[in-house]
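As the structure is a computational prediction, the values presented were derived from the model and not from experiment. Side-chain atoms are counted along with the backbone in the values below, which use heavy atoms only and exclude waters and symmetry mates. Below, chain A is the first sequence line, B the second, and so on; all start at residue 1.
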Number of protein chains: 2
Amino acid sequence: MKKYIPEETVARLPVYHRYLLSLSKQGVKNISSKKLANILKINDSQVRKDLSYFGKLGKQGAGYEVNSLCTTIAKILKLDQAQAVCIVGMGSLGSALAAYKGFGQLGLKIAAVFDKSENKISHTIRGHLCHDIAKLAAVIKSEKIEIALLTVPAEAAQEIAENLVAAGIKAILNFTPVKLFVTDKVMVNNVDLAVELKTLSFFT
Amino acid sequence: MKKYIPEETVARLPVYHRYLLSLSKQGVKNISSKKLANILKINDSQVRKDLSYFGKLGKQGAGYEVNSLCTTIAKILKLDQAQAVCIVGMGSLGSALAAYKGFGQLGLKIAAVFDKSENKISHTIRGHLCHDIAKLAAVIKSEKIEIALLTVPAEAAQEIAENLVAAGIKAILNFTPVKLFVTDKVMVNNVDLAVELKTLSFFT
DNA sequence: CTATGTGAATGGATTCACAGCC
DNA sequence: GGCTGTGAATCCATTCACATAG
């Protein structure tokens, strides 16, 4: 078990988990790093090094036991814990996310959604009661929310991010095109469709 | 002008462009790599190195001229060209993307949308006539489409990606959780919400 | 003999540091 | 003085290669 784990490694864990789950359903008992790597089109020592950050999970000569590895990764990623998340900003993207069925499988639960608009507050959107964004801190604390999906307009992003941090949020998935400036104790991941699309068009 | 440009550099260009555009609107004439870097929370020599891949764009002692740099980046990213894109798979995500207003600003135009379902084909979805996915190749060729957004179910992803490549697509933005196996002449970028969310929950 | 776990080597992006120009 | 452009140095993830275990 190492102290420092590269973010790239953590980002591959969900991929390993997804494939191990399907192997498990197919009744496969064991798999080698080489086979796993071939399927995922990566290097086999990458698989071994990634997994070794979390202990000696395999058996020399035999490979990795599918079910137990799957469970171990699920624990590492806290897929067994039903973590509370909130969605801040109920525009078209926020609403679409609120309707996303996959949260449960990911060990996540939408515990609150927020907007500042009068005609959304206190209404139910995609099955979730919309709170006034002014009550962000109170709801985040009472619901013990640690992860926020930020889907507000760009102009509001930085200020609301600061409110989220002050309220005790530990991680933000930022869908706005703004580079958020927050303490590095808070993890920020960015999903920026415009960047993805523009980058692609360079390569055509 | 160098031969090889790191993908990371290309991914930062849209970010530079977005900020330069807002500076331009504010009437700012010049900016130094240091100021730009401070705003974007990156290193100033990173900014200079990135830009230097595309020529000597700045002036020593004076920095970069905002408007001309903005235009130069727009050209590099082909934002001035109205490239044709298609969306393959008109489920909830595909439909949400079809409704996205930002394509025009990005120099992109939705030239076609596809689905295989009888009750979508030949219907108009979010203002776009839905084509039969069986006619993928013909429409891609006639509309000169080079970029595809892939929003089909996971099971179908690899097969359809192969069809897209065969039809002459140059870049795929892959929203499915499947690692696509295609010739490396085709650029593939992945947007995987499940990976983003699971990665975040590790860090809480 | 098979396959893991890991130190060493590699490769590529980031950062430093400074020569050169305004 | 101020600031760019860039070779050199550094940092860090990936890959290699092998000692070790089953």
Q | Candidate pair Asn43(B) and Ser45(B), rule side chain to side chain donor-acceptor pair (under 3.5 Å), full reasoning | A | CA-CA 6 Å; Asn43(B) 185 287; Ser45(B) 55; 2.6 Å; yes

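No engagement by Leu51(A) is indicated, since no non-hydrogen atom pair under 4.0 Å with the nucleic acid exists.
Counting only distance, with no hydrogens or angles, the side chain of Lys78(B) and the backbone of Ser201(A) share a donor-acceptor pair below 3.5 Å. Using modelled atom types, one side-chain atom of Asp115(A) and one backbone atom of Met90(A) make a donor-acceptor pair closer than 3.5 Å. The closest donor-acceptor contact from the side chain of Ser24(A) to the backbone of Leu20(A) lies at 3.5 Å or more, if one exists at all.
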Counting only pairs under 3.5 Å, give me each side-chain donor-acceptor contact of residues 149-162 of chain B, with atom names and distances, residues two or more places apart or in other chains.
{"unit_1": "Thr151(B)", "atom_1": "OG1", "unit_2": "Val88(B)", "atom_2": "O", "d": "3.0"}
{"unit_1": "Thr151(B)", "atom_1": "OG1", "unit_2": "Gly89(B)", "atom_2": "O", "d": "2.6"}
{"unit_1": "Gln158(B)", "atom_1": "OE1", "unit_2": "Phe181(B)", "atom_2": "N", "d": "2.9"}
{"unit_1": "Gln158(B)", "atom_1": "NE2", "unit_2": "Glu162(B)", "atom_2": "OE2", "d": "2.7"}
{"unit_1": "Gln158(B)", "atom_1": "NE2", "unit_2": "Phe181(B)", "atom_2": "O", "d": "2.9"}

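Residues from residues 30-40 of chain B that place a heavy atom under 4.0 Å from any atom of DNA chain D, listed by number: Ser32(B), Ser33(B).
To the nearest 0.5 Å, the span separating CG on Leu57(A) from OG on Ser33(A) amounts to 12.0 Å. Between the OH atom of Tyr100(B) and the CG atom of Leu106(B) there is a distance of 5.0 Å, given to the nearest 0.5 Å.
Not one side-chain nitrogen or oxygen of Tyr64(B) sits closer than 4.0 Å to the OP1 or OP2 atom of dG2(D).
Other residues, nucleotides and ligands contribute more than 12 heavy atoms inside 6.0 Å of the NZ atom of Lys41(A).
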Q. Which nucleotides of nucleotides 12-22 of chain C have their base under 4.0 Å from a protein heavy atom (B), which only their sugar-phosphate (S), and which neither (-), written as one string 5' to 3'?
A. -SSBBB--BBS

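Distance CZ (Phe54(A)) to C1' (dT4(C)): 17 Å, rounded to an integer number of Å.
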